[in-house]
Q: 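Attaching a single structure in structure tokens format; questions to follow.
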Number of protein chains: 2
Amino acid sequence: MTKKPTQAALPTATRASAKGPAGSVEAPASNRATRAAERRAAIVEAAMEEFIARGFAATRLDDIAKRAGVAKGTIYLHFKDKESMFEELVRIVIVPVVARLTTLPPPAGSVRDLIEAFAGNFLKEVIGTKRGDLVRLIVAEGPRFPSVADFYYREVVSRGIAAMRALIELGIARGEIREKDLARYPQILVAPAMIAVIWQSLFARHAPLDAQDMLRVHLDLIFGERRTT
Amino acid sequence: MTKKPTQAALPTATRASAKGPAGSVEAPASNRATRAAERRAAIVEAAMEEFIARGFAATRLDDIAKRAGVAKGTIYLHFKDKESMFEELVRIVIVPVVARLTTLPPPAGSVRDLIEAFAGNFLKEVIGTKRGDLVRLIVAEGPRFPSVADFYYREVVSRGIAAMRALIELGIARGEIREKDLARYPQILVAPAMIAVIWQSLFARHAPLDAQDMLRVHLDLIFGERRTT
DNA sequence: TGACTATGACTGACTAGTCAGTCATATATT
DNA sequence: AATATATGACTGACTAGTCAGTCATAGTCA
């Protein structure tokens, strides 16, 4: 009597069901492998949102499962445990971003144009989006997940810094940038953008920030006033 | 069950006025009020360290109690619950910092000197210290503690931005700063310092940052190369 | 093609453990 | 003694991780 092995369970309709809380109607998904991949993607997506909203410790796997429209056990078919799930998640989300960024845009025009295009892209893709919150999440959890911080430094930060430095050196060589020491601290070039990301997720309600315009002013500082053409 | 356990408003001890904070290793502590204040201070100190190291959700009150050399129940003599403890904590730690900062230094010399002195102070007092980690903690937990984010914005950010703006406007009026639009975005002035704080707590092991030097370069950007006087 | 079997993705009730908050008791102060 | 403080064992709500069992699909054979 104590045990009531799963029996009643769902009467029927496990097949076309999916009418779970997930909401979005899953595509037919012909074969098993495809379905599995879809579920995995759903878990990743759901987990990302929960982790961003609550942080690592406060996130419940039950909530992730519910949001993904999946049973809790399913999560463990795809990830070893909560911790390694979090670590893997960051990789999964970041890798494609890095891939896109390393696809450098056409190196035409002035250095300022290059940087402006790059920054504009960054603002559009990161600020106020899921990706921006991910940055904040990494700042938040980094110290407790050295492997995540390491990964992020290796894959994103060090590369970004190197790329910015190259750009700055080009600008100096071309005479567009006067402050030669800037090449030693590419962080300065990027700082306002990072601050904008953090600002938006913390203080947007108090004082929204026009990141695009702020960036323009910052670039004016580095390149000198833009001549209106 | 809808549980409504927490009821008792802050019991007492809120008025435990500031006494000699010096209180270190269990001095006899003559009167009760003093002892209570000491215990409270020990709890605040311990809680701060635990919260910084683990974040809000992952911090155990048992650990705070142990670190403070106090029984768990004692914590509840001083704070209503974990959540309000965290909120109060941020206030307790930040208020004296704000108090110190608003004690403006002698407004002598050039604007650049003013800012440099201010920044130097900031670097020494914040970067790599407990205070720096507190900034990271606020960034991390802010979204989950709107009251903390609000408080921080009101007490620190908005004041800091206003002060910086005043300084920038002075610099523009005196002809030290050429970029007039900078006054619209004091964040640009502060951004590298904030980035330095975050950088140190996340990536110091990979690539330590000479914040002092970076700041010098940044100020060169704003004021023009420094003339060696 | 249709029927029968094998596979493994998926489920969710369950277990073992954790931790915030309580309170009866003990200790210190007046 | 009376009162104010402090203690830490205890409780109950909550959750990460497990696993016996289910069932849609893939594979096999007649």
Side-chain angles (χ1 to χ4, degrees), chain A residues 1-18 20-22 26 28-43 47 50-51 54-66 68-86, chain B residues 1-16 26 28-40 42-43 47 50-51 54-66 68-86:
Chain A
M1 191 50 173
T2 43
K3 191 119 175 262
K4 182 61 174 297
T6 49
Q7 205 353 309
L10 8 172
T12 58
T14 304
R15 207 216 158 281
S17 66
E26 295 298 328
S30 47
N31 66 65
R32 302 235 281 226
T34 304
R35 269 187 78 80
E38 273 171 11
R39 285 194 180 292
R40 189 187 161 88
I43 292 169
E50 291 290 327
F51 280 133
R54 310 173 131 70
F56 177 79
T59 290
R60 286 175 297 253
L61 290 189
D62 285 299
D63 289 347
I64 293 177
K66 199 195 291 183
V70 151
K72 182 147 68 139
T74 305
I75 292 174
Y76 287 87
L77 297 176
H78 292 277
F79 300 94
K80 181 169 150 288
D81 58 17
K82 193 184 178 187
E83 204 161 307
S84 56
M85 178 186 186
F86 179 72
Chain B
M1 288 311 185
T2 42
K3 219 202 162 178
K4 191 67 178 298
T6 49
Q7 193 7 290
L10 337 187
T12 61
T14 307
R15 48 82 222 261
E26 293 301 330
S30 46
N31 68 64
R32 301 237 275 233
T34 305
R35 272 187 74 81
E38 274 171 11
R39 284 188 180 293
R40 192 187 160 86
I43 291 169
E50 292 289 328
F51 280 133
R54 309 172 132 69
F56 177 79
T59 290
R60 286 173 297 249
L61 289 190
D62 286 296
D63 289 346
I64 293 177
K66 199 196 291 184
V70 150
K72 184 153 64 148
T74 306
I75 292 175
Y76 286 87
L77 298 177
H78 292 274
F79 300 95
K80 179 168 152 287
D81 59 16
K82 192 185 178 187
E83 204 161 306
S84 57
M85 178 186 186
F86 179 73

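Proteins get letters first, then strands, A, B, ... in listed order; numbering begins at 1 in each. Worth saying up front: this structure is predicted, and the values here are computed from it rather than measured.
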Q: For C/dG12, does either OP1 or OP2 sit under 4.0 Å from a side-chain N or O belonging to A/Lys72?
A: no
Q: If we fit an axis to the first five pairs and another to the last five of the helix from C/dT1-D/dA30 to C/dT30-D/dA1, what angle do they make, to the nearest 10°?
A: 10°
Q: What's the CD1-P distance between B/Ile75 and C/dT22, to the nearest Å?
A: 13 Å
Q: Look for any protein N or O under 3.5 Å of an N or O in nucleotides 6-10 of chain C and output each such pair with its distance, or none.
A:
residue : atom : partner : partner atom : Å
C/dT7   : O2   : A/Arg32 : NH2          : 2.9
C/dG8   : O4'  : A/Arg32 : NH2          : 3.3
C/dC10  : OP1  : A/Arg39 : NE           : 2.6

Q: Does the side chain of A/Arg39 reach to within under 4.5 Å of the side chain of A/Leu77, using non-hydrogen atoms?
A: no
Q: Measure the distance from OH on B/Tyr76 to P on C/dA24 and round it to the nearest whole Å.
A: 17 Å
Q: Got a sec, which residues hit side-chain contact (heavy atoms from CB on, under 4.5 Å) with A/Ala37, two or more places apart in sequence or on another chain?
A: none
Q: Kindly write out the residues that satisfy side chain to side chain donor-acceptor pair (under 3.5 Å) with A/Arg40, not counting sequence neighbours, or none if the list is empty.
A: A/Glu88
Q: Restricting to non-hydrogen atoms, name the atom on A/Phe79 and the atom on A/Ile43 that form the minimum distance, rounded to 0.1 Å.
A: CE1-CG2, 3.8 Å
Q: What pairs with A/Phe86 under ring-ring contact (aromatic ring centres under 6.0 Å, His included), at least two apart in sequence or on another chain?
A: A/Phe51, A/Phe56, A/Phe145
Q: Distance check needed: D/dT5 P versus B/Arg40 CZ, whole Å only.
A: 14 Å
Q: Could you give the distance from OG1 (A/Thr74) to CG (A/Leu61), rounded to the nearest 0.5 Å?
A: 12.0 Å
Q: Nearest 0.5 Å, please: how far is CE in A/Met85 from NE2 in A/His78?
A: 10.0 Å
Q: When the distance from CG of A/Asp62 to P of C/dT11 is rounded to whole Å, what number comes out?
A: 13 Å
Q: Please list, chain by chain and in numerical order, all residues satisfying salt bridge (Lys or Arg N to Asp or Glu O under 4.0 Å) with B/Lys72, sequence neighbours excluded.
A: B/Asp62
Q: Between A/Ala57 and A/Gly73, who's closer to the 5' end of DNA chain D by nearest nucleotide?
A: A/Ala57
Q: Measure from CG on B/Asp81 to P on C/dT22 and round the result to the nearest Å.
A: 9 Å
Q: Send over the distance from B/Glu38 CD to D/dA6 C1', rounded to a whole Å.
A: 15 Å
Q: B/Lys82 NZ to C/dG21 C1': how many Å, rounded?
A: 12 Å
Q: Can you name the residues that form a side-chain contact (heavy atoms from CB on, under 4.5 Å) with A/Ala57, not counting sequence neighbours?
A: B/Ala57, B/Ala58
Q: How long is the span from the CD atom in A/Glu50 to the CG atom in A/Asp63, to the nearest 0.5 Å?
A: 5.0 Å
Q: Between C1' on C/dG12 and NZ on A/Lys66, what's the gap in Å once rounded to a whole number?
A: 14 Å
Q: When you compare the protein's N or O atoms with those of nucleotides 15-18 of chain C, which come within less than 3.5 Å of each other, and at what distance?
A:
none

